[in-house]
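Notes follow the structure.
Keep in mind that what you see is a predicted model, and the values were worked out from it rather than measured.
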Amino acid sequence: MLLKIFHQTRYSYDTPVPYGLLQLRLVPPTGPGQDVRSWKTSVTGGRKETSFRDHFRNTVELVSTEPETDAITVTCEGSVDVSDSTGITGPHRGFVPLWLFRRTTAMTDPGRRVGKLIREFSESGPTEGGRRNDGRKGDDDGDIARLHRLSARVRERIDFEPGRTDATTRAEDALAAGRGVCQDHTHVFLSAARGLGFPARYVSGYLLTHGQNGAQASHAWAEVHVEDLGWVGFDISNGISPDDRYARVATGLDYMDAAPIRGMRFGNGGESLDVTLQVQQ
């Protein structure tokens, strides 16, 4: 499926900003299951300083604000041809070892609530296919079924409700609130999957949602490395593995590694954010 994507983010500042720097991860890669036909990132109120690939193989663009600007707008648009690979993106590649994706982070640290979720899940018995839930390696069908069950368990614990969490919400806090968005579902799933011994990573990207003209944010899901299959995606919020409606952009250990835009600025004034996002077939 050929996806046409338009994503515009505008920051407006209460007082002029003498200096600011944004770190963009907004360029989708060509790779297993997707071919980037065209892509362009433009900036108003700032300029691109440089670009590079980080240790997760994400394309990063650094953008500085114009001196004393009161707004900066980042616009990216293009088309990505995506095929349905049932969520499988293949063997591990990149500059970091696979074991790194078992590491916890501040946002995915398994505290008391995640630990309880892992224990309850581990004690819940065999999968629907009759395979044991004992974490044995080399049982791909069992691992996939087990991870889908974990995804469903996380979704049961956290209702989808925008506005109840933010970009700094930890997995433990999302479980405590019982409310959140795709980022929170993904963080809890990552924490639990790593606790069960799987390498797992955060994915940011875009999702074509039929019947919805514009979204308020990009999408997030998880990928887990399963022996003999490689990386396999799980969209916890929608209860499926990604198909040809999903365009991958960036990966990392958590949101902070794969956030579309992160930045810093000098000045004490407030800021407002306006996002326009359209994904069309």
> Any side-chain heavy-atom pair from T41 and L24 closer than 4.5 angstrom?
Replying inline: yes
>> Is there a side chain to side chain contact (heavy atoms under 4.5 Å, CB included) between R248 and T89? Walk through the geometry before answering.
In response: CA-CA 10 Å; R248 302 167 74 259; T89 56; 3.8 Å; yes
> Is E271 salt-bridged to R10, going by a charged N under 4.0 Å from an acidic O?
Replying inline: no
> In terms of hydrophobic clustering (I, L, V, M, F, W, Y; side-chain heavy atoms under 4.5 Å; direct or indirect links), are F121 and V114 co-clustered?
Replying inline: yes
> For D159 and R179, what are the C-alpha separation, side-chain angles and deciding distance, and is it a salt bridge (Lys or Arg N to Asp or Glu O under 4.0 Å)?
Replying inline: CA-CA 5 Å; D159 291 335; R179 302 285 189 277; 3.3 Å; yes
> Taking everything shown except F266 itself, do over 12 heavy atoms lie less than 6.0 Å from its CZ?
Replying inline: no
> Side-chain contact, heavy-atom cut-off 4.5 Å: T209 with V279?
Replying inline: no
> Side chains of H185 and D235: is there a donor and an acceptor less than 3.5 Å apart?
Replying inline: no
>> Is the shortest side-chain heavy-atom distance between Y206 and H7 below 4.5 Å?
In response: yes
>> Using side-chain heavy atoms (C-beta onward) and a distance below 4.5 Å, is V17 in contact with T15?
In response: no
> Under the 3.5 angstrom rule, does the side chain of T30 hit a backbone N or O of D35 as a donor-acceptor pair?
Replying inline: no
>> L22 vs V43, test: side chain to side chain contact (heavy atoms under 4.5 Å, CB included). Steps then yes/no.
In response: CA-CA 11 Å; L22 299 179; V43 179; over 6 Å; no
>> Using a 4.5 Å cut-off between side-chain heavy atoms of Ile, Leu, Val, Met, Phe, Trp and Tyr, which other residues end up in the same hydrophobic cluster as F56?
In response: V96, L98, W99, L100, F101, W231, L253
> Among all residues two or more places apart in sequence or in another chain, which pass the side-chain contact (heavy atoms from CB on, under 4.5 Å) test with D109?
Replying inline: T104
> Which heavy-atom pair separates L229 from I88 by the least distance, and what is that distance?
Replying inline: O-CG2, 3.8 Å
>> Please check: side-chain N/O of D257 versus main-chain N/O of G252, any donor-acceptor pairing under 3.5 Å?
In response: no
>> Testing the basics here: between W39 and P28, what is the closest heavy-atom pair and its distance to 0.1 Å?
In response: CE2-CD, 3.4 Å
>> Under 4.5 Å between side-chain heavy atoms, counting indirect links through other Ile/Leu/Val/Met/Phe/Trp/Tyr residues: same cluster for V80 and L207 or not?
In response: no
>> Contact between R25 and E61 at the side-chain level, heavy atoms closer than 4.5 Å - yes or no?
In response: no
> By side chain to side chain donor-acceptor pair (under 3.5 Å), which residues pair with D84, not counting sequence neighbours?
Replying inline: none
> Who are the side-chain contact (heavy atoms from CB on, under 4.5 Å) partners of R113, not counting sequence neighbours?
Replying inline: E172, L175, A176
>> I'd like to check S79 versus I5 (side-chain heavy atoms, cut-off strictly below 4.5 Å). Are they in contact?
In response: no
> Quick one: hydrophobic cluster around M107, which other residues, with the 4.5 Å side-chain cut-off, linked directly or via members?
Replying inline: L190, Y202, Y255, M256
> Between S151 and L147, is there a donor-acceptor pair closer than 3.5 Å when you use the side chain of the first and the backbone of the second?
Replying inline: no
>> Please determine whether side chain to side chain donor-acceptor pair (under 3.5 Å) holds for the pair D244 and S83, giving the CA-CA distance in whole Å, both sets of side-chain angles, and the decisive distance to 0.1 Å.
In response: CA-CA 5 Å; D244 57 358; S83 59; over 6 Å; no
> Where is the tightest heavy-atom contact between L3 and V82, given as atom of each residue plus distance?
Replying inline: CD1-CG2, 4.1 Å
>> Hydrophobic clusters here meaning ILVMFWY residues chained together by side-chain heavy-atom distances under 4.5 Å, can you tell me if L273 and M264 are in one?
In response: no
> Can you name the closest pair of heavy atoms from V203 and A222 and give their distance?
Replying inline: CG2-C, 4.4 Å
> Which is it for E223 and T186 under the side chain to side chain contact (heavy atoms under 4.5 Å, CB included) test, yes or no, and what are the steps along the way?
Replying inline: CA-CA 9 Å; E223 287 182 346; T186 302; over 6 Å; no
> Can any side-chain N or O of S122 pair as donor or acceptor with the backbone N or O of R119 at less than 3.5 Å?
Replying inline: no
>> Membership question, hydrophobic clusters at under 4.5 Å side-chain separation (ILVMFWY): are L117 and F189 in the same one?
In response: yes
>> Whether the side chain of S51 engages the backbone of V60 through a donor-acceptor N/O pair (distance < 3.5 Å, no angle test) should be reported.
In response: no
>> Closer than 3.5 angstrom, by distance alone: can the side chain of S204 be matched with the main-chain N or O of A258 as a donor-acceptor pair?
In response: yes
> So, for W221 and Y246, is the gap between ring centers shorter than 6.0 Å?
Replying inline: yes
> Mind checking whether H92 and H225 have parallel, tilted or perpendicular rings, split at 30° and 60°?
Replying inline: perpendicular
> Where do I144 and V226 land on the side chain to side chain contact (heavy atoms under 4.5 Å, CB included) test, with the steps shown first?
Replying inline: CA-CA 8 Å; I144 295 298; V226 177; 4.0 Å; yes
>> Does either side chain, that of D254 or that of T108, offer a donor lying less than 3.5 Å from an acceptor on the other one?
In response: no
> Counting distance only, does the side-chain N/O of R194 pair as donor-acceptor with the main-chain N or O of A200 below 3.5 Å?
Replying inline: yes
>> Quick check against the 3.5 Å criterion: does K48 have a side-chain atom that pairs as donor or acceptor with the backbone of S42?
In response: no
> What heavy-atom pair brings V181 and F160 nearest, and what distance separates the two atoms?
Replying inline: CA-CE1, 3.7 Å
>> Minimum heavy-atom separation for C182 and S218, please, with both atom names.
In response: SG-O, 4.4 Å
> What residues form a side chain to side chain donor-acceptor pair (under 3.5 Å) with D70, not counting sequence neighbours?
Replying inline: none
> So, does R155 use its side chain to make a donor-acceptor pair with the main chain of I158 at under 3.5 Å?
Replying inline: yes
> Is the shortest heavy-atom distance from the side chain of Q34 to the side chain of P29 under 4.5 Å?
Replying inline: yes
>> Using side-chain heavy atoms (C-beta onward) and a distance below 4.5 Å, is V63 in contact with I72?
In response: yes
> Taking D274 for the side chain and T9 for the main chain, is one N or O donor matched with an acceptor at less than 3.5 Å?
Replying inline: no
>> Quick check for you: to the nearest 0.5 Å, what is the distance between H55 atom NE2 and F52 atom CZ?
In response: 10.0 Å
